[in-house]
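Working notes for the structure below.
Start at 1 and go down the list; that is how both ligands and their atoms are numbered. Any value given below was found using the heavy atoms of this structure, including those in side chains, with hydrogens, waters and symmetry copies removed.
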Amino acid sequence: MNINLSEKIIKKQVKICVLGLGYIGLPTASLLATHGMQVIGVDIKPEIVRIINNGDVHIEEPGLRTVVKAAIKSKNLIVKSKPEPCDVFIIAVPTPISDSKKADLNFVISAGKSILQYIKAGNLVILESTSPPRTTIDIVQPILEQTGLRAGIDFLLAYSPERVLPGKILTEIVHNSRVIGGVTQESAEAGRDLYRSFVKGEIFLTDATTAEMIKLMENTYRDINIAAANEFSRLAKIFGVNVWEAIEIANQHPRVDILKPGPGVGGHCISVDPWFFVEKAPDKAKLIKQARLVNDEQPGFVVEHLLDEFKTLKGKTFTALGVTYKPDVDDLRESPALEVIHKIIHLGGKVKAFDPYLQSKAHQLDFLVDDIEKALSESEGIILLVNHSQFESLNAEEIAPLLNYPFILDTRNVINKQVWLNAGFQVKILGDGHR
Ligand code: SAJ
């Protein structure tokens, strides 16, 4: 290729278009902008464009508002509804999963099509969305080549997965290592030079399909590890063992690192991405599928604890503490807590749920109660589903008189069992089979 895009990138003389201003696109666009690049952020939702242009954010993530504000103020970030000619295009749109557990690539496909009229020779296109292996070369590349330009010859094409933890996105996006898979070495190198503008972690270069597989392997590994922990919690209940104590001691072994059991695995990543392997190679991805099924059954295991105590849930009211998919985020996607709540309701129980990160008005969940005391009053028991930091200071003695029946099921092992027993509670901890 007779242009030196890398040189322009290093000199910050490029204009970058980021398509999709969600959990990844928005921080990426903002950081590129605050590091001196000219960035056009594009989102198809007019409401999102309006909010960001006002220097505000539509997502709760620590530190995000500050960096977006700074990016807009610098005038390096401009947010629009449509792309325009740029040197670099970053696609960071969602890849949800269908009911039949297949990756829905429609957003990736339409983002690719939306830049067709703007791509020129010498440009770089980077896909960041988590995708099944070969998406870059089998799906994105043919779309972009409808321009008549050839990937790796006339324009550069790479896949670079986001690997940041919701709740710590701003820190991890800068400090984590980064993988960049190019359809050619030059594509990967140009990607490296671009991300180097704000990434402090190490940057590894590989090919596009390997990078796609790495991303899925990481989340699949975590899913399988949590599935083992969840299965151990079921075994512990049978054998009369406290799984939390057992895991803690097992993890003292220098080559053992078992994750924590809980009510199941949620979020839009770990509970979704392993299916992309299963979809592509069902006969080979057997362990991966089984782990997904184990984790999806875990909300049922939570309800089993309630049935042990109450025999029937019909007509009983329970207080759910926490509804989001994990602690200290406001994200409800694939939340196992929601699954537990729906199961209780399905069995004839009533639920009043409190979550410090959710407001009933905004979420239209009729079981959500904005006041923790109201959620606790006249209930038959508490089910602690999310270990939000705020729940660490729950006071058993103050709570006991509010309930009709002092019972707590802790699915995250956050409470001090003895303190709650002393306050007169019946206490069950998920995976604590001590009799
Ligand atoms: N969970 C457990 N036990 C544990 C750890 C987690 O039950 O020991 C549950 C959580 O409660 C939650 C779910 O698993 O419901 C997933 O939470 P998480 O914190 O493990 O991960 P995510 O989905 O928020 O973010 C993951 C991260 N991947 C890895 O750590 C390998 C993140 O780095 C990725 O960028 C992100 O997926 C993504 O976007 O793919």
- Are the charged groups of D371 and K352 less than 4.0 angstrom apart, N to O? no
- Query: Centroid-to-centroid, F310 to Y405, below 6.0 Å?
  - Reply: yes
- Note the single closest protein heavy atom to atom 36 (C) of ligand 1, along with its residue, its atom name and the distance in Å. C269 SG, 3.5 Å
- Query: Using heavy atoms and a threshold below 4.0 Å, how should the contact between R222 and ligand 1 be classified: side chain, backbone, both, or neither?
  - Reply: side chain
- Query: Taking both backbone and side-chain atoms of T130, is any N or O found less than 3.5 Å from an N or O belonging to ligand 1?
  - Reply: no
- Item | G267 N/O under 3.5 Å from ligand 1 N/O | no
- Message: Between R134 and E212, does any side-chain N to carboxylate O distance fall below 4.0 Å?
- Response: no
- Message: For atom 19 (O) of ligand 1, what's the nearest protein heavy-atom neighbour? Residue, atom name and distance, please.
- Response: K326 NZ, 3.0 Å
- In terms of heavy-atom contacts, I180 and G191 come closest through CD1-C, 3.5 Å
- Looking at atom 22 (P) of ligand 1, what's its closest protein heavy atom, distance included? Y325 OH, 3.7 Å
- Determine whether any heavy atom of E334 lies closer than 4.0 Å to an atom of ligand 1. no
- Message: Please determine whether a side-chain nitrogen of the Lys or Arg among R178 and E202 lies less than 4.0 Å from a carboxylate oxygen of the Asp or Glu.
- Response: no
- Any atoms of ligand 1 less than 4.0 Å from a non-hydrogen atom of E218? List them with their elements. 31 (C)
- Query: To which protein heavy atom is atom 32 (C) of ligand 1 closest, and what is the distance rounded to 0.1 Å?
  - Reply: V164 O, 3.5 Å
- Item | Proximal ligand 1 atoms for P166, defined as those under 4.0 Å from one of its heavy atoms | 24 (O), 25 (O)
- Indicate yes or no: does D432 engage K237 in a salt bridge with an N to O separation below 4.0 Å. no
- Item | Nearest non-hydrogen protein atom, atom 39 (O) of ligand 1 | E162 OE2, 2.6 Å
- Item | Check ion pair D43-K45 (N to O, under 4.0 angstrom) | no
- Minimum heavy-atom distance V108-V140, with the two atoms named: CG1-CG2, 3.8 Å
- Pair E304 + R234: basic N to acidic O under 4.0 Å: no
- Message: Checking the N or O distance criterion of under 3.5 Å, is ligand 1 in contact with E172?
- Response: no
- Nearest-neighbour protein heavy atom for atom 11 (O) of ligand 1, which is reported as residue plus atom name and distance: R412 NH1, 2.9 Å
- Message: Does this structure show an ion pair linking D56 with R65, if we count only N-O contacts that are shorter than 4.0 Å?
- Response: yes
- Query: When you look for heavy atoms under 4.0 Å from ligand 1, do you find them on the side chain of M217, its backbone, both, or neither?
  - Reply: neither
- Closest protein heavy atom to atom 40 (O) of ligand 1, given as residue, atom name and distance to 0.1 Å: K215 NZ, 2.5 Å
- Closest to atom 14 (O) of ligand 1 among protein heavy atoms sits I226 CD1, 3.6 Å
